[in-house]
**Q** 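What follows is a structure written as structure tokens; I'll ask about it next.
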2 protein chains.
Amino acid sequence: MREDRTVAAPASNGVRSVNRALALVDAAAMAGQGGLSLGDAAEALGVAKSTAFNLLKTLVAHGYLREERPGPRYLLGMSLMRLGDLVGQHLPVAEMSRALLRELTAATGLTSRVAVVDDGCPVFLERVDGPGMVRFHTPLGFREAPHASAAGKAILATYDDARVRAICEAEGLVPHTRSTIDTVDGLLADLEQTRARGFAVDDEEAAEGVFCVGAAFSDHQGRCLGALSVTGIRAEAPPSRLLQIGQLVREHADRLTKDMGGHLNEVPASLDTRPRRGERG
Amino acid sequence: MREDRTVAAPASNGVRSVNRALALVDAAAMAGQGGLSLGDAAEALGVAKSTAFNLLKTLVAHGYLREERPGPRYLLGMSLMRLGDLVGQHLPVAEMSRALLRELTAATGLTSRVAVVDDGCPVFLERVDGPGMVRFHTPLGFREAPHASAAGKAILATYDDARVRAICEAEGLVPHTRSTIDTVDGLLADLEQTRARGFAVDDEEAAEGVFCVGAAFSDHQGRCLGALSVTGIRAEAPPSRLLQIGQLVREHADRLTKDMGGHLNEVPASLDTRPRRGERG
DNA sequence: AACTCCGTTCGGTACAGCCGAACGAGATTC
DNA sequence: GAATCTCGTTCGGCTGTACCGAACGGAGTT
């Protein structure tokens, strides 16, 4: 993974001890099942052991970390699970899509996920793993790249070209595999195809050997809220099956739109005759 | 809700700004979909607005909160979802039990959950909702009372009487309904029954009209790790069905024990000659 | 147009949090 | 079994930061 280690320092802004404390949570998250020792924590922050000690104790008191005895090692705590669960409950999308995801997984045999849009990027809220032996590394709450994921392209396909260009400029077209689209024009052409067929395809563009199919859903005003997507192994998906899967994803996304009080009559993604009206707000 | 407002002040111990920051996260969690305004935050903490402002900004920078425009309101952020998901991944139990929970729900038509033991209390890690219209308020990462839940009693049943008494003393036998067991002797008698039949029953002891059935699972050393439980409406569960459900839960818990490399040797508490981990607060 | 209500910015100051040193428990080596 | 080492934990003094209050600016309301 190409993870930056600079999580600790949002620099100029913010309250120092809070920054440090949250950096410790991140450190514990990265440490995995092994957890952190006091020494690890102090070193990760570049502070004295006693400082790290106080911060750790504070986090433990709030249940953000738990200390595993003996030789106390610090692991992620139960409060985080409780809070993470609440995030999902506060977003009605997660709740409403759960049944649909289960259906999608049952029908396709693939891992299904739902993402909401955040600054043009898909953020995954909920996941139902497929029955296969292969598990994908698809953490919840994770921002994926918009240009290199089916959900992302499904979302972008609901925007006009100008907005897509703006997002590309902000995010950058970072390559993930050999197949990742790395030019704006290439992306716009792909989005045109996406609109025509009603669903987006990521053909080994995010990870080698892995494909995704995604379709967007929207609210009652027709604004894109997010996307459903399914993920599987490229080798197991012949082109014919891909079309069938795409239509399934499209149908489920439409049902989600309806469930959320939206209407499909206006501007479905399958019609590329989108009148580019300037949007306000 | 009868929530204490004293989350903010673990007082003597801990780093003040971190305590305040995490109290803000809790406040945002309680605020629900509405979120917090800056004024709310300042008032909840009893600090100046500018102070709350800095703390909120710091939390937003880390993704613990997100600001919803306009008139910025602060809601729980995506980092919490990501971290909450990681907690589950770091605990192998959650992963391994997922398929079992799905089976249990399919077989019984009830909501299934898995809990791990934390200081004698069950903490729920994972949940699979049943198909019924009724949804139970069962947040993940939540500590339930050991004496008033099926999972809790299933866990206690693996301990010896002395340890049960110690836990009762520490936690207190808080009544939840008219049926809640509120004496230590009553609890010990119930645990004896639990051991005899192999599963624990909560008959409207946690909430009126709701029943739970739970069974414990253990690790390779025979130490209790946690419990599986199912939850349903009391009126829909005739005694005959209860027995059948109990056996199903028992079987699935045993399978989980095996999956985790454990053996199903009898002897729950008597062999467990480690009274408790000595620790002072 | 004036008023009000919020969010946001900006310094000065008190005190909270940081550091370093010292203590104690467990493990490891000879 | 004693000595040594490592690591967690405690304590007090100093420093710098996080807090407060006041002032600013924009949006909605009368």
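Here is the naming used below: chain letters follow the sequence lines, and residue numbers restart at 1 for every chain.
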**Q** Please tell me which of A/Asn54 and B/Ser50 maps to the more 5' nucleotide of DNA chain D, matching each residue to the nucleotide holding its nearest heavy atom.
**A** A/Asn54
**Q** Using atom names, set out every protein N or O paired with an N or O of nucleotides 4-7 of chain C below 3.5 Å, distance rounded to 0.1 Å.
**A**
unit_1, atom_1, unit_2, atom_2, d
C/dG7, OP1, B/Leu38, N, 3.3
C/dG7, OP2, B/Gly39, N, 3.3
C/dG7, N7, B/Lys49, NZ, 3.3

**Q** If you assign A/Lys57 and B/Gly46 each to the DNA chain D nucleotide with the nearest heavy atom, which residue ends up on the more 5' nucleotide?
**A** A/Lys57
**Q** Would you say A/Arg16 reaches C/dA16's phosphate, i.e. side-chain N/O to OP1/OP2 under 4.0 Å?
**A** no
**Q** Which residues pass the side chain to side chain contact (heavy atoms under 4.5 Å, CB included) test with B/Ala162, not counting sequence neighbours?
**A** B/Asp160
**Q** So, using side-chain hydrogen bond (donor to acceptor under 3.5 Å, both in side chains) as the criterion, who are the partners of B/Tyr64 when residues are at least two apart?
**A** none
**Q** Name all residues meeting the side-chain hydrogen bond (donor to acceptor under 3.5 Å, both in side chains) criterion together with B/Ser79; count only those two or more places apart in sequence or in a different chain, and write none if there are none.
**A** none
**Q** With sequence neighbours excluded, tell me which residues meet side chain to side chain contact (heavy atoms under 4.5 Å, CB included) with A/Asp40.
**A** A/Leu36, A/Ser37, A/Arg73
**Q** Please name all residues satisfying side chain to side chain contact (heavy atoms under 4.5 Å, CB included) with A/Leu75, sequence neighbours left out, ordered by chain then number.
**A** A/Arg66, A/Glu68
**Q** Going from OG on B/Ser97 to CG on B/Asp259, what distance comes out if it is rounded to the nearest 0.5 angstrom?
**A** 9.5 Å
**Q** For the helix from C/dA1-D/dT30 to C/dC30-D/dG1, measure the angle between the helix axis at one end and the axis at the other, each built from five pairs, rounding to 10°.
**A** 40°
**Q** Considering only heavy atoms of chain B and a distance under 4.0 Å, specify the first and last nucleotide of DNA chain D in 5' to 3' order that meet this criterion.
**A** D/dC19 to D/dG21
**Q** If the condition is salt bridge (Lys or Arg N to Asp or Glu O under 4.0 Å), which residues does A/Arg165 pass it with, not counting sequence neighbours?
**A** A/Asp185
**Q** Could you work out, with salt bridge (Lys or Arg N to Asp or Glu O under 4.0 Å) as the rule, every residue matching A/Glu43, not counting sequence neighbours?
**A** none
**Q** Report the residues that fulfil side chain to side chain contact (heavy atoms under 4.5 Å, CB included) with B/Ala200, sequence neighbours left out, ordered by chain and then residue number.
**A** B/Lys153, B/Ala154, B/Thr194
**Q** Kindly say if A/Ser17 contacts the phosphate of C/dG17, meaning a side-chain N or O under 4.0 Å from OP1 or OP2.
**A** no
**Q** Could you work out, with salt bridge (Lys or Arg N to Asp or Glu O under 4.0 Å) as the rule, every residue matching A/Arg143, not counting sequence neighbours?
**A** A/Asp118, A/Glu171
